[in-house]
Amino acid sequence: MSSENAMALAGPHEENIKRIAQQTGATVVLRGSELSIAGTESQVDRTRRIVQTLEPTWSQGQAIAITDVMTAIQALDTHREDELQAIQKDVVARTRRGQVIRAKTFRQQQYVKALRTSDLTFCTGPAGTGKTFLAAMVAVKALMNEEYERLILTRPAVEAGERLGFLPGDLQQKVNPYLRPLYDALHELLDPERIPHLMERGVIEVAPLAYMRGRTLSNAFVILDEAQNTTPAQMKMMLTRLGFNSRMVVTGDVTQTDLPRYQESGLAIATKILAKVEGITFCELTKADVVRHALVQRIVAAYEQFEA
């Protein structure tokens with residue numbers, strides 16, 4: 001194992017090594033590029049198998065996340081090694097810096113499959129599970145492959161007519177802070193200088209949900225983000241914009257609604273109404289799919305326990 005591969009396996013502050021040791025009961029020590037494993041025969045064997053299962057990733061110098069470690073353990077425990085290998089080989093996209101983007105959990109892989117094949121996909125889950133990011137990656141790649149003529153990214157700006165009213169500028173400038181996460185996702189794949197040109201030509205459109213009313217979105221990949229903040233009427237309006245040769249993805253976290261307490265979430269209502277409609281795919285991510293800082297996963301779990 002090279003030093004680069006060892007660093008990829010270990011993770012920041014060797015948190016992956018610590019998690020593997022915690023999960024197996026073995027003593028795992030990384031000295032330079034040498035990994036030492038001590039413990040009972042079963043502990044050592046299980047640790048070795050986890051490391052070997054992750055080899056397709058760390059052997060290429062790609063950073064291993066805690067999520068990768070837990071998915072590898074899940075694959076071994078449920079005899080799904082073949083599925084894990086498929087995830088490791090399936091590159092969703094490559095960023096401008098050459099970073100490989102792929103699903104990190106089984107549920108994320110199901111989501112990616114839906115993004116590629118379903119005309120309408122709903123994806124719900126807590127913050128950090130990659131709902132918007134994976135959708136944007138698949139969408140930009142499809143656009144670059146000329147599968148669609150336009151990429152439309154939209155989200156509700158629930159305060160645009162109220163608390164943002166004192167800010168300078170037109171409505172687009174007022175709601176830009178709400179659209180920032182969508183711009184960030186675009187910047188991962190496209191040169192920042194290229195994005196304004198594509199937006200001027202209408203190839204990429206990043207706009208508040210209010211701009212969608214009365215339109216038919218044909219030959220487009222459409223992402224509705226933060227959909228938990230839509231009203232039922234807004235959700236119905238957006239879903240009925242879908243035109244020919246178009247694909248739509250609706251993402252949101254129903255536990256983080258910014259609507260007034262008396263207002264039902266359009267996302268929550270839509271998932272109930274459309275649950276049995278043919279041609280719609282529903283994906284639900286959980287705290288186990290969080291791919292941000294490991295602390296985010298524990299924060300989500302703590303809030304879930306408190307709210308329960």
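It should be emphasised that the depicted structure is a prediction, and the values quoted were computed from it without experimental measurement.
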Pairwise distance [atom1]([X]) to [atom2]([Y]) - rounded to 0.5 angstrom:
| X | Y | atom1 | atom2 | value |
| --- | --- | --- | --- | --- |
| Q110 | F282 | CD | CZ | 15.0 Å |
| L190 | R96 | CG | CZ | 8.5 Å |
| E15 | I17 | CD | CD1 | 10.5 Å |
| L239 | I280 | CG | CD1 | 7.5 Å |
| Q23 | I50 | CD | CD1 | 7.0 Å |
| T24 | R48 | OG1 | CZ | 11.5 Å |

Any [X] side-chain heavy atom under 4.5 Å of [Y] side chain:
| X | Y | result |
| --- | --- | --- |
| L115 | M137 | no |
| T47 | I20 | yes |
| T230 | V250 | no |
| M199 | V206 | yes |
| M235 | L224 | yes |

Single-linkage hydrophobic cluster, 4.5 Å side-chain cutoff, [X] and [Y] together:
| X | Y | answer |
| --- | --- | --- |
| V29 | V51 | no |
| M70 | L84 | no |
| I73 | F106 | no |
| L267 | M248 | yes |
| V100 | V138 | no |

Considering non-hydrogen atoms only, spot the tightest contact between [X] and [Y] and give its length.
| X | Y | result |
| --- | --- | --- |
| Q88 | P56 | OE1-CG, 3.3 Å |
| Y111 | T251 | OH-CG2, 3.5 Å |
| V91 | R94 | CG1-CG, 4.2 Å |
| R107 | A288 | NH2-CB, 3.5 Å |
| L54 | A72 | CD2-CB, 3.8 Å |
| T121 | A114 | OG1-O, 3.5 Å |

Check the side chains of [Y] and [X] for a donor-acceptor pair under 3.5 angstrom, ignoring hydrogens and angles.
| X | Y | answer |
| --- | --- | --- |
| S218 | T216 | no |
| N5 | S59 | no |
| T257 | S265 | no |

Between M238 and L217, does the side chain to side chain contact (heavy atoms under 4.5 Å, CB included) criterion hold? Intermediate values first, please.
CA-CA 10 Å; M238 187 61 199; L217 307 176; 3.9 Å; yes
Closer than 3.5 angstrom, by distance alone: can the side chain of [X] be matched with the main-chain N or O of [Y] as a donor-acceptor pair?
| X | Y | value |
| --- | --- | --- |
| Q263 | P260 | no |
| R241 | M237 | yes |
| T95 | Q99 | yes |
| Q228 | Q256 | yes |
| K131 | G125 | yes |
| S246 | L242 | no |
| T154 | L209 | yes |
| D225 | T132 | no |
| D77 | Q74 | no |
| R102 | I87 | no |

Any salt bridge linking [X] with [Y]? Criterion: basic side-chain nitrogen under 4.0 Å from a carboxylate oxygen.
| X | Y | result |
| --- | --- | --- |
| R116 | E147 | no |
| K272 | E264 | no |
| D90 | K113 | no |

Given N16 and I66, is the side chain to side chain contact (heavy atoms under 4.5 Å, CB included) satisfied, shown in steps?
CA-CA 6 Å; N16 296 336; I66 284 291; 3.5 Å; yes
Applying side chain to side chain contact (heavy atoms under 4.5 Å, CB included), run through E81 and H79 and close with a yes or a no.
CA-CA 6 Å; E81 292 94 334; H79 308 291; 4.2 Å; yes
Give the intermediate values and the outcome of side chain to side chain contact (heavy atoms under 4.5 Å, CB included) for residues L186 and L198.
CA-CA 11 Å; L186 289 178; L198 292 172; over 6 Å; no
For the residue pair R247 and Y148, would you count it as a cation-pi contact if the rule is NZ or CZ under 6.0 angstrom from the ring centre and within 45 degrees of the ring axis?
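No, a cation-pi geometry is absent between R247 and Y148.
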Please determine which of L143, I152, V249 meets the side-chain contact (heavy atoms from CB on, under 4.5 Å) test together with F221.
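Single pass found, and it is V249.
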